[in-house]
2 protein chains.
Amino acid sequence: MLKQTPTTRSRRRHRGTDSVTIQDVASEAGVAPITVSRALNTPESVSAKLRERIDQAVAKLGYVPNLVAGGLASAGMRMIPVVVPSLSILTFIEVIHGIQQTLEQAGYQVLLGSTDFDLDREASLIESLLGYSPSGVILTGLRHHERTSLRLKNWGRPVVEIMELGDECIDMNVGVDNHAAGACMAQHLLDRGFKRIAYLGTGMSRDYRAMQRFEGHREALKTAGVEFDLLFRREEPSSYEAGRLLFLEALKTRPDLEALHFANDNLAAGALMEANRQGICVPEEIAIGGYLGLSLGEHLSPRLSTITVPRYEMGVEAAKLMLSRLEGRQPLAPRLDIGYELKVRGST
Amino acid sequence: MLKQTPTTRSRRRHRGTDSVTIQDVASEAGVAPITVSRALNTPESVSAKLRERIDQAVAKLGYVPNLVAGGLASAGMRMIPVVVPSLSILTFIEVIHGIQQTLEQAGYQVLLGSTDFDLDREASLIESLLGYSPSGVILTGLRHHERTSLRLKNWGRPVVEIMELGDECIDMNVGVDNHAAGACMAQHLLDRGFKRIAYLGTGMSRDYRAMQRFEGHREALKTAGVEFDLLFRREEPSSYEAGRLLFLEALKTRPDLEALHFANDNLAAGALMEANRQGICVPEEIAIGGYLGLSLGEHLSPRLSTITVPRYEMGVEAAKLMLSRLEGRQPLAPRLDIGYELKVRGST
DNA sequence: CTGTTAGCGCGTTCAC
DNA sequence: GTGAACGCGCTAACAG
C-alpha cells in the first residue's frame, strides 16, 4: 500500500518516501544540506545570495521539510498535545479553538487527546503522547496522577494547565477561580433576595471543578447566614435534557425553591426551556442562573443570567504562554487568572 | 530550557532527550535492541522466554517507544490529521469527536487543522501536515485545489474525504448527499402546503455545501411547479444571532412568506427564539425548518423540524474506513453514504 | 558565513 | 529465533 511506485530515484537504498529531501535541494542549489537547513530555519545566518538560490531550489523542487527527521535530530516536533476531559463539552472545544488558532499561526500543530475525566486514562495518554516528542503539552486542571505530574515536571519542556487556577502547578497555569465563580453567582442570587437556593449539576463526582463551584456557592450561603444546602446531581454528562430532568426533579422534591443555580449553561438552558414549555414564569416563580456564558443564553426568553468565562481567550492565552516559552522568552508570569464576569439578565 | 539536567548518563554525546531508549531496555534484558523492537511490534516472532524478560525490563525502566524515531525509520507516525473548515461549527466538532474516539482506541492520534473555508489555506496546511509523515489524512469536502488532490492521490496513503458525497474522490469518501437533503426539506415544506418558501443561509459563498442544499431546495420547488426562488444570505458565520437577523430581514422584506428553510439548525434556532420573543406563532404564522439535528432543536417550543445527519457516526465511519486501510484490509466500499433523516416536529 | 562530521532512536535488511 | 550493520532525513557541534 505504501509507495506503489518502485522508486524512480536510484539514490534510495531501500524504503524511503521517495520525496524531495534537503539533500536534493542542496544539490540543486550547489550547497551543503546544512546550509539549506539554516536558510530555512534561521535565514539571517545565511548570506542573501545563497538564501535566494536556496529559496529558488526549494520552490523548484517543491521541497517540504520532513518534520519527523527534524524532530528526531533536534527536539520537538512542533506539535502540542491538548488533553481535555471531553470533546463533547462545548467549553473545551472553544478553548481548543483558541489554542489551535494561536499555535497554528506560529507553525505548531495541535494533537487532540481526551480522557473522559479519568486520571488513569490521562496518565497513560500523556505517557504515549510524549512518545511523539511534542514541543510542549497543554492539559486540563491541576489534579493529575502523581506520576503524571512528576513526569511532566522532569520532562523539561513547557507545560500549561488550564481551566483551573491554583498555587501549585507543574509549570504554567491559565484558568479561572471556580470557587469564587460559584460564590459569585450564589451571592447574586442572595442579593436578589432569594434564600431557598439549590445547586444542580451533572457528573460532579468526576468533574471536580463543578464541585469547586458548588463549594463556593455553599460557602456564600453560609456566610450570608442562609442555612440552605441543597444539591441535586445526576451522573450523566451535561445536556439540555439533563438540565430539564434536574429541573423537574428539583421542582417535584422541593416545591418551595426560589432559585436554581446550575453548574453550567447547558443545564440551565435545558431548565429554562422546560419552564417555558410548562408556562412556569422565570424568575417570578423560580429564578435560574447558569455558568459559562454560552451565546444560547442570550437568545432564550427570559435571557439567562450567567457567569461568563472567556473560554476562547483562555485558549489563546494558554497558547501564548506556551509560545513565549518555546521561543525562549520567559513569560511575564507563569500564572494567569483569566477572570469571569457576572451577567445579570432576565432569568434572575 | 530543554534539559536542564546536564545529562547523568555518560552515553549521551550531545543533545538527546535523556529518556529511556530501546538500547537501555535491551541491555537490561540482555538482548539486542532489535529483539526488543520485535518483542514490542511483533511479539509472536520472539520466544516466550525472551519476551517475558523484555516485558519486565520495559516495565522496570518505564520505556516508552520514541514514535519519532520509529516514524523516521519505518513509515507513518500513527497520526491522522483531520482538516476541517472551522472549529467553531458544532458539526465539525462532532465529526472530529467520532474520529478521535475511534482512532485513539486503535492507537492513532488526531492532528487538528482548520482552513477557514479557504482552499488555499487548505492546500498549504495539508502540505505542511504531510511533513509530519502521518499515516493517513481525513479532510472535508470533495473540492480542493488541484495540486492538493494530485498530491494526495500520489501520496500512497489512505485519504478519507468527509461531509459530502460524490463520484470522484481522492481515495475514500464518507458523507451525505447535500443536494438531496436540501430537496427533502423543501419537499416536506411543500407537502405541508406551503408555497412561498425562502432559503436562508450564511457564508454560502464559501460553504458550498450549504449552496448544494439550496440547489436541491430550489429544484424541488421547481419540480413542484412552485415559482418561488428566494434566497436570503449573510456572509458572517452561522450563529443564533445570524439566524435572528436573517429572520427579521426575511419578515421585513417579504411579509408574505409562509415558510423558512434555514441552512442549519443554529440559524433556525436563532429565528425560532426570536419568533418566540416577538410572539409570532410558529408554524401558524410562519414555518421554520432546519438542517443538522442539533439537540437544541428538540428543546425549543415548538420543537424544530429538521434533517438530522449522524455527525458523530460519520466521524466513526470515516475513522473505520481509515483503519481498515491502515491495517491492510480492503474496505468493503470506499464510498459510504451516511444518510440523513427528516424529523418532522412542531415548527413546520 | 559555510562545510564536515556524527549522531537523534528506531526498524529494515540480510546473515547466522 | 536472534543479531550486526546500516540508513531514514535532518541538525547540533565543531571547525574553517
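Numbered from 1 within each chain, the chains take letters A, B, ... in sequence-line order. Model, not experiment: these values are computed from the prediction.
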(request) Write down the distance between CD (Gln23(B)) and P (dA5(D)), rounded to a whole number of angstrom. (result) 13 Å

(request) Mind calculating the distance between CZ (Arg78(B)) and P (dG11(C)) to the nearest angstrom? (result) 11 Å

(message) Nearest whole Å is fine: how far is dC8(D) P from Leu67(A) CG?
(response) 18 Å

(message) Expressed as a whole number of angstroms, how long is the span from Leu40(B):CG to dT12(C):P?
(response) 13 Å

(message) Using OP1 and OP2 only, check whether a side-chain N or O of Asn66(A) sits under 4.0 Å from dC8(D).
(response) no

(message) Side-chain N or O of Ser37(A) versus OP1/OP2 of dC10(D): is the shortest distance under 4.0 Å?
(response) no

(request) Nearest whole angstrom, please: distance from the C1' of dG11(C) to the CG of Leu72(A). (result) 12 Å

(request) Output yes when a side-chain donor or acceptor of Thr21(B) lies under 3.5 Å from a complementary backbone atom of Gln23(B), and no otherwise. (result) yes

(message) Output the rounded distance in Å from CD1 (Ile22(A)) to C1' (dC8(C)).
(response) 15 Å

Mind listing the N/O atom pairs, protein and nucleotides 1-4 of chain D, below 3.5 Å?
residue, atom, partner, partner atom, Å
dT2(D), OP1, Ser47(B), OG, 2.7
dT2(D), OP2, Ser47(B), N, 2.8
dG3(D), OP2, Ala32(B), N, 3.3
dG3(D), OP2, Thr35(B), OG1, 2.3
dG3(D), N7, Arg38(B), NH2, 2.5
dG3(D), O6, Arg38(B), NH1, 3.4

(request) With Tyr63(A) as reference, evaluate Ile54(A), Val58(A), Asp24(A) under the side chain to side chain contact (heavy atoms under 4.5 Å, CB included) test and give the passing residue. (result) Val58(A)

(request) Please determine if Glu104(B) and Arg121(A) form a salt bridge, counting it only when a charged side-chain N lies under 4.0 Å from a carboxylate O. (result) yes

(message) So, OP1 or OP2 of dC10(D): does either fall under 4.0 Å of a side-chain N or O from Tyr63(A)?
(response) yes

(message) Just the rounded figure in Å: distance from P of dC10(C) to CE of Met77(B).
(response) 13 Å

(request) Report yes or no: does Arg157(A) contribute a side-chain atom to a donor-acceptor pair with the main-chain N or O of Pro134(A) at less than 3.5 Å? (result) yes

(request) Using whole Å, report how far CZ of Arg53(A) lies from P of dC1(C). (result) 16 Å

(request) Measure from the side-chain N and O atoms of Arg78(B) to the backbone N and O of Ala106(B), and report whether any donor-acceptor pair falls under 3.5 Å. (result) yes

(request) For the pair Arg51(B) (side chain) and Pro43(B) (backbone), establish whether a donor and an acceptor sit closer than 3.5 Å, ignoring hydrogens and angles. (result) yes

(message) So for the helix from dC1(C)-dG16(D) to dC16(C)-dG1(D), with five pairs setting each end axis, what is the inter-axis angle to 10°?
(response) 30°

(message) Keeping Thr35(B) on the side-chain end and Val31(B) on the backbone end, is there a donor-acceptor pair under 3.5 Å?
(response) no

(request) Would you check if the side chain of Asn173(B) reaches a backbone N or O of Glu161(B) as a donor-acceptor pair within less than 3.5 Å? (result) yes

(message) If we ignore hydrogens and angles and just use 3.5 Å, is the side chain of Thr102(B) paired with the main-chain N or O of Gly98(B) as donor and acceptor?
(response) yes

